[in-house]
Amino acid sequence: MTVWNKMPGMLVHEEQPFNAEPPPAALAEHRQTPLDTFYSRNHGPIPDIDPDRWRLQVDGLVETPLELSLAELRDGFEQVQVDATLECAGNRRTGLIAVHDIPGEAAWGPGAISTASFRGIRLADVLAAAGLEPEAAHIAFAAPDVSPVADPPQPYGGSIPVDKALRPEVLLAWTMNEQPLPRAHGAPLRVVVPGWIGARSVKWLTRISARTTPSDNYFQATAYRMLPADADPQRTAPGAGISLGPVALNCAILQPDDGSVLPAGPTRVSGYALAAPDRAVERVDVSADGGRSWRQAELDTAAPPWTWRTWQASLDLPPGEFELIARAWDATGATTPESPAHVWNPKGYGNNSWSRIHLTCR
Ligand SMILES: Nc1nc2c(c(=O)[nH]1)N[C@H]1C(S)=C(S)[C@@H](COP(=O)(O)O)O[C@H]1N2
Ligand SMILES: [Mo]
């Protein structure tokens with residue numbers, strides 16, 4: 001165990017704030033990611049909250065503002081369990097950095113994504129108890145961790161539109177893989193917004209506010225936005241670019257390790273594919289010849305909704321040098337883009353281009 005109870009070998013991008021992803025091979029071992037392997041993405045210091053003194057505030061455009069303890073949340077609402085994959089918008093940023101440098105942003109590999117089972121209550125039920133006013137269009141979340149990365153420095157926050165907030169998969173969760181939610185993952189209570197970028201799953205939640213407009217928090221209004229390729233991220237006004245919410249179709253190879261030297265012969269390749277919300281991963285193709293020919297990978301047939309589909313393929317490789325490629329297709333026939341240059345953006349979000357690894361077979 002290393003810092004924050006993560007596995008030895010965790011790839012730590014930053015100690016403070018703590019930002020770490022599992023090595024690809026460790027992520028590949030499980031459909032449900034163990035807590036010590038789950039990536040951790042933070043913009044400020046990890047708070048230490050006394051669960052007995054903690055209260056959740058529900059306010060804004062509601063008929064009855066609420067202040068609820070953990071016991072009141074646990075006993076007053078139906079408890080539900082949802083398996084969900086969380087993906088950071090910066091997942092696979094290294095592929096974009098290889099096209100053109102992205103200063104000031106962590107060089108995440110394919111491991112800024114993980115899958116867990118969350119238990120808690122539906123956000124919709126808490127909003128119903130408070131009584132949403134008809135003008136409420138966005139639900140904002142606030143947390144106490146003050147981020148020095150924000151301009152100006154401020155506590156972390158964000159929002160989702162009301163139509164997503166009312167869906168049954170959106171939770172206020174206090175357990176993760178049947179264990180109490182770890183401190184690094186938002187104890188005592190976090191939001192879980194399946195199918196949306198990890199940034200909207202606000203940890204250490206203290207306040208829910210119903211509003212007419214999205215949150216004006218830095219991490220909603222300025223960061224986590226897809227800027228045009230020629231924009232200067234140091235000089236963009238709040239509201240510029242595309243606000244990221246739903247994730248896009250993505251796919252990555254996790255095994256073998258990039259740069260491996262292996263014996264020639266049957267070679268097992270494995271990874272994950274994640275669909276956009278309300279879509280499904282229908283196929284993953286793997287190529288060993290630069291995309292001239294493709295073989296279909298075997299998909300996990302039992303993946304719960306809102307989770308990635310793990311996949312594997314066996315390729316018979318003669319001695320030589322190979323670039324292995326993987327791409328995914330969804331139920332609309334959409335596929336992942338070939339080149340990271342096509343999706344490059346100044347903050348380095350949403351890289352879903354073909355996953356490539358290099359192999360030598362002897
Ligand atoms: N309060 C708070 N919530 C937060 C963050 C944060 O820095 N502070 N980071 C967000 C981002 S960008 C991601 S990707 C997910 C990561 O969740 P994890 O650390 O449990 O993997 O938490 C989100 N919730
Ligand atoms: Mo993120």
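All ligand and atom numbering here is 1-based and tracks the order in the structure.
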### Task
Check which hydrophobic residues are tied to Val261 through side-chain heavy-atom contacts below 4.5 Å, counting indirect links as well, and list them.
none
Carboxylate-amine/guanidinium proximity below 4.0 Å for [X] and [Y]:
X: Arg211; Y: Asp59; value: no
X: Lys347; Y: Glu105; value: yes
X: Arg309; Y: Asp300; value: no
X: Asp285; Y: Arg327; value: yes

### Task
At a heavy-atom distance under 4.0 Å, which protein residues reach ligand 1? Sort them by chain and number, would you?
Phe38, Tyr39, Ser40, Arg41, Asn42, His43, Cys88, Ala143, Asp145, Tyr156, His185, Arg190, Gly198, Ala199, Ser201, Val202, Lys203, Trp204, Tyr224
### Query
Would you call the rings of Phe38 and His185 parallel, tilted or perpendicular if under 30° counts as parallel and over 60° as perpendicular?
perpendicular
